[in-house]
K.L.:
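Dumping the structure here so I can ask a few things about it.
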Amino acid sequence: MTKNTQIKYSLILLLGAFIWGLAFVFQSSCSKYIGPYTVNAFRGIIAVLFLAPFSIVSLIKERKIKKIDKKATILGGVLSGLFLFGASIFQQIGISTTSTGKSAFITAFYIVLVPIFAYLLFKKKIGFNIIIAIVIAMIGMGLLCFGNDFSLSKGDLFLFIGALLFTAQILTIDYFSPKANLFTFSLIQNAIVGILSTILMFIFEPPVAENLKNSIISLLFLGLFSSGIAYTIQISTQKYLNPTIASLIMSLESVFSLLCGVIIYKFYKFSDVPQNLTIPEIIGCIVMFIAIILSQLPSSWFEFKKKKKDKGNT
């Protein structure tokens, strides 16, 4: 793959990261009127309706899909959908109790978790920089979650569980996406999220027409852009980008979320939770982002090599 091609896919994935960052604002806005199951049910359904025509056209163009492609598309889509369902639910619950910036930075902890689980599951080597990054990220996480009163909120815990599940989703896409049909994979993933969320919605959160009306714009954005477009971008670009580069770009959603949350809140109070950070939380964001970048640097930079002695002159 040429350098220009890599830059092209990097920019496309950057667009996806921006959409996810902005989505935190809409998720927070939704939480004032409807619960997490309702949010994910409608965004999943909207995404499926949006992706269906693209999936049909792509399957017709391919005509015959190899057996392994069908397996990768269906199995990968189902597994990825299950992980995404859990991650989205925990994230939505967490977002309703804290700021969008803080939510995004805790969610971005997957950037450190991905290489750890890649090693445990696929025996991929972990560099010394990853170990350092984990320690630094834990310090940043402590500052970010504890703030001034050093108390861990339930919402922070939900967001961290969501980060674990997003890690599983990313690794699933890395494994299956190179052999899968892009739009069908994304459609199945969103269908799983939509179906499971709809079942739980009717059990625990019977929809109220007035609340849905107040959330319609947010739900359309989340369904069309965040679930329909951004997740499809993730699946398509992970086929061509180095996982390290892809993960680093995706982690920028936390920066976009922080900026979008603070700026938009000044003009429109979309959440009952003030969109600002305390000094310790700001330091925590910076420390976590340093850890995220550190985890992506070449491990060779952190290796200590002994210099060979010159055997010529004594």
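Values below: all heavy atoms of this structure, side chains included; hydrogens, waters and symmetry mates excluded.
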K.L.:
Counting C-beta onward and ignoring hydrogens, is there a side-chain heavy-atom pair between Phe83 and Thr172 closer than 4.5 Å?
P.N.:
yes
K.L.:
Quick check: do Val114 and Phe166 have side-chain heavy atoms less than 4.5 Å from each other?
P.N.:
no
K.L.:
Would you say that Phe176 contacts Ser80 through its side chain, given a criterion of any heavy-atom pair below 4.5 Å between the two side chains?
P.N.:
no
K.L.:
I want to check something: taking the side chain as every heavy atom from C-beta on, are Leu13 and Gln238 in contact at a cut-off of under 4.5 Å?
P.N.:
no
K.L.:
Using side-chain heavy atoms (C-beta onward) and a distance below 4.5 Å, is Phe24 in contact with Glu253?
P.N.:
yes
K.L.:
Would you check if Ile89 and Tyr37 make a side-chain contact, meaning some heavy-atom pair closer than 4.5 Å?
P.N.:
yes
K.L.:
Would you compute the distance between atom CG of Leu121 and atom OH of Tyr175 and round it to the nearest 0.5 angstrom?
P.N.:
11.5 Å
K.L.:
For the residue pair Phe183 and Phe54, does the interplanar ring angle fall in the parallel (under 30°), tilted (30 to 60°) or perpendicular (over 60°) class?
P.N.:
parallel
K.L.:
Testing the 3.5 Å rule here: is there a donor-acceptor pair between the side chains of Thr38 and Glu205?
P.N.:
yes
K.L.:
Can you name the closest pair of heavy atoms from Tyr9 and Thr237 and give their distance?
P.N.:
O-CG2, 3.6 Å
K.L.:
Which value, rounded to the nearest 0.5 Å, describes the distance between Ile136 atom CD1 and Ile132 atom CD1?
P.N.:
6.5 Å
K.L.:
So, for Gln91 and Leu159, which heavy atoms are closest and what is the spacing to 0.1 Å?
P.N.:
O-CD2, 3.7 Å
K.L.:
Is Ile188 reachable from Leu49 through a run of I, L, V, M, F, W or Y residues, each pair having side-chain heavy atoms under 4.5 Å apart?
P.N.:
no
K.L.:
Should Leu22 and Phe256 be marked as a side-chain contact (heavy atoms from CB on, under 4.5 Å) after you check the CA-CA gap, both sets of side-chain angles, and the distance that decides it?
P.N.:
CA-CA 7 Å; Leu22 184 57; Phe256 291 131; over 6 Å; no
K.L.:
In terms of hydrophobic clustering (I, L, V, M, F, W, Y; side-chain heavy atoms under 4.5 Å; direct or indirect links), are Ile45 and Phe50 co-clustered?
P.N.:
no
K.L.:
Short question: side chain of Lys70, backbone of Ala180 - any donor-acceptor pair under 3.5 Å?
P.N.:
no
K.L.:
Count I, L, V, M, F, W, Y as connected when their side-chain heavy atoms are under 4.5 Å apart, and connections chain through other members. Are Ile203 and Val208 then in the same cluster?
P.N.:
no
K.L.:
Take Ile216 and Phe42 through the test side-chain contact (heavy atoms from CB on, under 4.5 Å) and record every step on the way to the result.
P.N.:
CA-CA 10 Å; Ile216 188 63; Phe42 278 91; over 6 Å; no
K.L.:
Examine the side chains of Thr184 and Ser55 and answer whether a donor and an acceptor come within less than 3.5 Å of each other.
P.N.:
yes
K.L.:
Could you tell me the separation between the CD atom of Glu210 and the CG atom of Asn214, rounded to the nearest 0.5 Å?
P.N.:
5.0 Å
K.L.:
Check for me, please, whether Ile199 and Ile192 land in the same ILVMFWY cluster - side-chain distances under 4.5 Å, paths through other members count.
P.N.:
yes
K.L.:
As an exercise, state the distance from CG of Leu84 to CD of Gln169, rounded to the nearest 0.5 Å.
P.N.:
5.0 Å
K.L.:
Any side-chain heavy atom of Gln234 within less than 4.5 Å of one from Trp20?
P.N.:
yes
K.L.:
Given side chains that start at C-beta, do those of Ser31 and Val39 come closer than 4.5 Å, heavy atoms only?
P.N.:
no
K.L.:
Test of understanding: clusters of I, L, V, M, F, W, Y form through side-chain heavy atoms closer than 4.5 Å, transitively. Do Val193 and Leu165 belong to the same one?
P.N.:
yes
K.L.:
Kindly check if the number of other-residue, nucleotide or ligand heavy atoms within 6.0 Å of CZ (Phe90) is above 12?
P.N.:
no
K.L.:
If you look at every heavy atom in Asn40 and Ser197, which pair is closest and at what distance?
P.N.:
CB-OG, 3.3 Å
K.L.:
Once you round to the nearest 0.5 Å, how far does CD1 of Ile235 lie from CG of Leu182?
P.N.:
6.5 Å
K.L.:
Taking Thr73 for its side chain and Asn181 for its backbone only, find out whether a donor-acceptor pair lies under 3.5 Å.
P.N.:
yes
K.L.:
For Ser29 and Val25, indicate whether the former's side chain and the latter's backbone hold a donor-acceptor pair under 3.5 Å.
P.N.:
no
K.L.:
In a table with atom names and distances, give each donor-acceptor pair under 3.5 Å that connects a side chain of residues 217-232 to protein atoms at least two apart or in another chain.
P.N.:
unit_1: Ser226; atom_1: OG; unit_2: Arg43; atom_2: NH2; d: 2.8
unit_1: Ser227; atom_1: OG; unit_2: Arg43; atom_2: NE; d: 2.8
unit_1: Ser227; atom_1: OG; unit_2: Arg43; atom_2: NH2; d: 3.2
unit_1: Ser227; atom_1: OG; unit_2: Leu222; atom_2: O; d: 3.4
unit_1: Thr232; atom_1: OG1; unit_2: Ser186; atom_2: OG; d: 2.8
unit_1: Thr232; atom_1: OG1; unit_2: Gly228; atom_2: O; d: 2.5

K.L.:
Can you tell me how far apart CG (Leu51) and CD1 (Ile46) are? Round to the nearest 0.5 Å.
P.N.:
12.0 Å
K.L.:
Residues two or more places apart in sequence or in another chain: which of them pass side-chain contact (heavy atoms from CB on, under 4.5 Å) with Pro207?
P.N.:
Met201, Phe202, Leu212
